[in-house]
Amino acid sequence: MARTKQKGRRGGGGGGGGGGGGGGGKKGPADAGRVQSDSKDSRINRPTVPEGDGGEWQTEWNNDKFEAYYRRQRILDSPEEWDQFFTYMRRILPTTFRLPACKPTSATIANIIETVHVPHLSGLVFEGEPIDPPTKIPWYPDGLAYEMNTSKRVLRKNPEFKKLHQFLVYETEVGNISRQEAVSMIPPLLLDVQSYHVILDACASPGSKTAQLVEAIHTSTPADASQPREFVAFPTGVVIANDSDYTRAQLLVHQAARLPSPALMVTNLDASSFLTLKLNDAPSIRFDRILCDVPCSGDGTLRKNVGIWKSWNVGSGNGLHRHLRILLRAMQMLKPGGRIVYSTCSMNPIENEAVVAAALNASADQFTLPDTAHMLPDLKRRPGLTMWYPAVNSTLGQPQPLPTRSTERAPSQDEDAPSAAVVSLEKDRSSSHVDHLGVTAFACASYDDYVKNSTDADMKNGKLKMQPTQWPPENAHQLGLENCFRIYPHLQNTGGFFVAVLQKKEDSRNEDVSMEDPIDGNTSTQWKRPASTPDNNENPSKRHKVEEAPATTSTPTSSATDRPTKTKTKKNPPPTNKDDQVATEGTVGTFKENPFTFINGNDPTLRKNLLKLHLNSGFPANNVFVRHQRTDPMKTFHLANDMVKRIITSNAYDRMRLISAGVKAFSRHDAGSSSASDEVDMPEDVENHVAPETLAHLSSGGASLNFAAGRESALRFVSDGMASVYDFVEDGGKCEASISDLLALLQAYFPLVTGFNSPFGHWLRIIEPGSYVGLFLPGSMENGV
């Protein structure tokens with residue numbers, strides 16, 4: 001195939017699937033010029049080609065090794081389909097965005113797109129080429145996802161598209177739209193999340209899939225499928241979003257601000273050794289659902305991360321096979337009957353089917369790969385592979401020609417054994433091969449062949465670089481790997497993607513699952529400390545040092561009131577107990593967070609302020625917490641649901657490297673001076689509301705929690721928590737208003753109460769000063785807007 005040089009948009013992080021709009025900054029969903037990025041590989045392989053005019057750049061969208069490797073894997077059936085595949089691989093990825101299913105604004109925004117923007121954009125021609133308006137993605141539920149195959153030049157030059165672009169930018173900034181790559185939307189949809197589920201997003205950053213999980217936990221699923229789904233303001237379940245990199249975990253917090261939830265927690269742990277979370281009043285947590293969208297080589301994202309065209313090599317996928325550990329840990333933490341979705345934005349079977357096969361063989365027959373054909377039935381997909389051909393990075397033997405495309409037949413996924421042509425081909429796999437492009441591809445028929453023919457180049461730190469699990473197991477055809485599915489760019493104009501759904505059998509043992517790590521051979525039983533061993537019975541010399549401050553931890557220290565100080569990270573021998581290492585090993589970045597302190601719900605000052613807000617008796621006052629040092633005045637008050645509170649109060653926050661939890665519900669408003677009588681004293685039963693380590697930290701010195709700092713203080717609502725708090729507000733604290741009332745408020749910096757003649761104006765004239773809620777009902781202005 002001849003080399004071609006094409007123009008492409010400059011690769012970047014984008015907000016695309018990246019942060020559901022959060023990662024894209026001010027760039028809106030229609031900004032096709034900024035490349036989307038939800039992939040875990042977005043941190044690497046950035047193109048460094050000099051820019052050309054208009055932000056465009058030149059690159060060769062070819063990699064002979066890439067083409068030779070995937071033709072060797074036989075991922076497609078015919079020469080014609082290979083041509084389609086590479087044609088789409090060399091096209092810029094369309095811009096895609098979705099609307100949150102749980103938000104009442106979604107139906108309104110979809111209606112505006114369909115009735116206002118699409119009619120004006122239909123039939124447009126730009127520079128002699130027809131331009132398509134946004135179209136719905138057919139397989140996405142309820143028609144809430146759209147695709148735009150429009151260039152950045154069109155958005156800049158065409159006035160109608162410019163209007164749409166501005167509309168989408170604004171709605172993205174306020175959280176009503178999430179910009180996300182189409183294939184990135186798939187994994188959360190397959191988890192079948194319910195509002196009572198305990199969910200882990202193991203490798204969550206940058207957070208677009210986490211946002212989908214939060215939306216799902218806030219959405220009820222009616223028994224009658226014909227009935228609409230409803231918003232659940234206060235779900236009983238929890239979503240734990242985790243990332244091993246501290247900086248990227250902070251990005252999750254930013255993403256969470258676009259869809260605030262009392263059921264969300266953000267942690268900073270290594271997913272392959274995720275902490276066993278305790279509950280003081282129940283057994284340790286087992287998850288109902290786990291999403292493992294693991295870091296990968298990202299060759300499915302070549303249409304947006306075009307720098308990978310230049311840097312791709314077989315070593316990228318081989319090295320990332322180690323993420324098998326993440327899947328194994330997820331399988332250990334799952335409830336019987338629970339579900340895991342394992343996904344990558346890579347097409348490499350070493351990162352995909354090889355990982356799933358190794359995990360299934362290590363799980364003592366407790367997991368199955370169910371048929372997923374009925375899930376998202378309009379999604380075009382291909383079955384998973386049951387045969388693949390690992391490539392190594394050293395020269396083994398003498399080059400031999402591979403069969404040509406015309407004579408090489410792809411094995412059928414329905415066959416119980418490889419075809420005769422495949423068996424014949426396998427005889428040559430212990431030697432290196434020269435494919436039709438003249439590029440040497442190296443393959444071994446088995447791990448034993450690899451060991452026998454290995455050289456010093458195959459060694460790293462005294463060990464072979466590749467593992468036995470990177471080759472197809474003998475029982476590959478019995479594992480149901482064809483029930484995994486693959487998405488290729490030419491099927492529906494998307495990126496490449498891989499998904500596997502793993503279901504844990506209902507009759508699985510509920511005790512610890514014993515698994516052998518196929519990579520290092522270590523056997524663990526849930527990596528859990530024996531019940532007879534106290535938390536502090538560990539060898540200090542075997543603990544990994546963490547860059548965290550004694551002042552912010554909930555364990556007692558001699559300088560509990562000092563500000564955090566940075567300490568250097570030291571490498572020590574690995575702890576003998578997994579629970580002793582999970583809070584530090586594998587994480588990146590300094591952990592420096594304030595504690596999470598729950599307030600006594602019966603505190604007189606808190607109760608007085610909650611009454612001023614007209615909150616009814618059903619409001620969970622015991623679930624209000626602050627994140628301040630003991631000596632700091634309370635300014636912001638957060639709200640969590642019961643499950644989040646139980647997790648926080650049962651586990652030391654610094655041990656689980658908890659970064660964020662719950663939602664901002666109230667803030668303090670000072671007006672005038674007063675005595676210090678408004679301080680919230682340390683409640684006598686505080687031990688019922690905070691973890692023992694936190695209690696020791698807070699009570700050292702016997703000081704109280706400063707609420708008012710000598711000023712007359714009151715609480716006011718924070719918009720972030722409005723959706724969670726609204727149902728608890730009594731009629732005296734809220735009032736419905738019209739669009740005209742909203743317009744009057746927006747048109748004046750200091751609107752006068754006497755300027756409102758509506759029922760809303762009457763309500764404003766009779767209420768006492770304080771913080772209230774106005775609910776503006778949908779409607780139209782006199783001019784029809």
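One-based numbering along the sequence shown.
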**Student:** For Leu715 and Lys612: C-alpha separation, side-chain torsions, deciding distance, then whether side-chain contact (heavy atoms from CB on, under 4.5 Å) applies.
**Tutor:** CA-CA 8 Å; Leu715 297 183; Lys612 288 181 180 180; over 6 Å; no
**Student:** Please answer whether the main-chain N or O of Asp243 pairs with a side-chain N or O of Asn268 as donor and acceptor at a distance below 3.5 Å.
**Tutor:**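 It does hold such a pair.
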**Student:** Let me see the working for Ile659 and Tyr246 under side-chain contact (heavy atoms from CB on, under 4.5 Å), right down to the final yes or no.
**Tutor:** CA-CA 9 Å; Ile659 291 177; Tyr246 182 79; 3.8 Å; yes
**Student:** So, the side chain of Ser205 versus the backbone of Gly207: is there a donor-acceptor pair under 3.5 Å, distance only?
**Tutor:**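 A pair under 3.5 Å: no.
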**Student:** Around atom CD of Glu730, are there more than 12 heavy atoms of other residues, nucleotides or ligands at under 6.0 Å?
**Tutor:**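 Yes.
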**Student:** Distance check, rounded to the nearest 0.5 Å: Ser244 atom OG versus Leu269 atom CG?
**Tutor:**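 Taking OG in Ser244 and CG in Leu269, the distance rounds to 9.5 Å.
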**Student:** Look up atom CD in Gln212 and atom CG in Leu259, then write down how far apart they are to the nearest 0.5 Å.
**Tutor:**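 Output value for this atom pair is 11.0 Å.
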**Student:** Check whether more than 12 heavy atoms from other residues, nucleotides or ligands sit under 6.0 Å from atom NZ of Lys664, and answer yes or no.
**Tutor:**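 No, because the 6.0 Å sphere around NZ of Lys664 holds 12 heavy atoms or fewer from other groups.
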**Student:** Which residues pass the ring-ring contact (aromatic ring centres under 6.0 Å, His included) test with Phe287, sequence neighbours left out?
**Tutor:**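 Phe287: no ring-ring contact (aromatic ring centres under 6.0 Å, His included) contacts found.
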**Student:** State, to 0.1 Å, how close Pro188 and Ser184 come at their nearest heavy-atom pair, and which atoms those are.
**Tutor:**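 Nearest pair, atom of Pro188 first, then Ser184: CD-O, 4.0 Å.
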**Student:** Tell me the closest heavy-atom pair linking Ala665 and Leu639, and the distance in Å.
**Tutor:**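 Shortest heavy-atom separation between Ala665 and Leu639 comes out as CB-CB, 3.9 Å.
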**Student:** Between Leu610 and Phe728, is there a side-chain heavy-atom distance shorter than 4.5 Å?
**Tutor:**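 Result no, sub-4.5 Å side-chain heavy-atom pair not found.
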**Student:** Angle between ring planes, Phe666 versus Phe717, binned at 30° and 60°: parallel, tilted or perpendicular?
**Tutor:**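 Geometry flag for Phe717 against Phe666: tilted rings.
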**Student:** Can a donor-acceptor pair be found, under 3.5 Å and without considering hydrogens, that links the side chain of Asn622 to the backbone of Gly601?
**Tutor:**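 Yes, Asn622 side chain to Gly601 backbone: donor-acceptor pair under 3.5 Å.
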**Student:** Is a donor on one side and an acceptor on the other found under 3.5 Å between the side chain of Asp741 and the backbone of Ser738?
**Tutor:**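 Here the side-chain-to-backbone pair exists.
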**Student:** Minimum heavy-atom separation for Ala233 to Asp727, with atom names?
**Tutor:**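 Between these two residues, the closest heavy atoms are CB-OD2, 3.8 Å.
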**Student:** Can you measure from CG (Asp731) to CD (Glu736) and round to the nearest 0.5 angstrom?
**Tutor:**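 Result: 9.5 Å between the selected atoms.
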**Student:** Ignoring hydrogens and geometry, is there a side-chain-to-backbone donor-acceptor pair from His218 to Glu215 under 3.5 Å?
**Tutor:**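 No: the side chain of His218 does not pair with the backbone of Glu215.
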**Student:** Taking Thr210's backbone N and O only, do any of them form a donor-acceptor pair with Gln255's side chain (distance below 3.5 Å, no angle check)?
**Tutor:**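 Pair absent, no side-chain N/O of Gln255 close to backbone of Thr210.
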**Student:** Given 3.5 Å as the limit, does a donor-acceptor pair link the side chain of Arg289 with the main chain of Ile340, or not?
**Tutor:**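 Not confirmed, Arg289 side chain does not pair with Ile340 backbone.
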**Student:** Could you go step by step and tell me if Lys335 and Glu506 meet the salt bridge (charged side-chain N to carboxylate O under 4.0 Å, His left out) rule?
**Tutor:** CA-CA 9 Å; Lys335 285 181 180 178; Glu506 292 282 357; over 6 Å; no
**Student:** Phe598 ring centre to Lys645 NZ or CZ under 6.0 Å, with the angle to the axis within 45°?
**Tutor:**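 Here Lys645 passes the 6.0 Å and 45° test against Phe598.
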**Student:** Distance-only, no hydrogens or angles: does the Arg258 side chain make a donor-acceptor pair with backbone N or O of Ile177 under 3.5 Å?
**Tutor:**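 Side chain of Arg258 to backbone of Ile177, a donor-acceptor pair under 3.5 Å: yes, one is there.
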**Student:** Please say whether the positively charged group of Lys734, taken as NZ for Lys or CZ for Arg, lies over the ring of Tyr772, i.e. under 6.0 angstrom from the six-membered ring centre and within 45 degrees of the axis.
**Tutor:**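 Here Lys734 fails the 6.0 Å and 45° test against Tyr772.
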**Student:** Report yes or no: is the cationic atom of Arg627 (NZ for Lys, CZ for Arg) closer than 6.0 Å to the six-membered ring centre of Phe596, at no more than 45° off its axis?
**Tutor:**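 Yes, a cation-pi geometry.
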**Student:** With a 3.5 Å distance limit and no angle check, can you tell me whether Lys504 reaches the backbone of Leu334 through a side-chain donor-acceptor pair?
**Tutor:**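 Answer holds: yes.
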**Student:** For His638, what residues pass the ring-ring contact (aromatic ring centres under 6.0 Å, His included) criterion, not counting sequence neighbours?
**Tutor:**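 Phe625.
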**Student:** How long is the span from the NZ atom in Lys278 to the CE atom in Met656, to the nearest 0.5 Å?
**Tutor:**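 One finds 11.0 Å between NZ of Lys278 and CE of Met656.
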**Student:** As an exercise, state the distance from CG of Leu775 to CG of Leu777, rounded to the nearest 0.5 Å.
**Tutor:**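 Answer for the CG-CG pair, Leu775 versus Leu777, is 5.0 Å.
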**Student:** Give a yes or no on whether the backbone of Arg657 and the side-chain of Thr267 come within a donor-acceptor separation of less than 3.5 Å.
**Tutor:**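 No, because the side chain of Thr267 does not come within donor-acceptor range (under 3.5 Å) of the backbone of Arg657.
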**Student:** Taking all heavy atoms of Gln180 and all of Met185, pick out the closest pair and write down the distance.
**Tutor:**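 Result for this residue pair: O-CE, 3.2 Å.
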**Student:** Apply side-chain hydrogen bond (donor to acceptor under 3.5 Å, both in side chains) to Asp642 and Asn623, showing your working.
**Tutor:** CA-CA 7 Å; Asp642 289 340; Asn623 291 9; 2.8 Å; yes
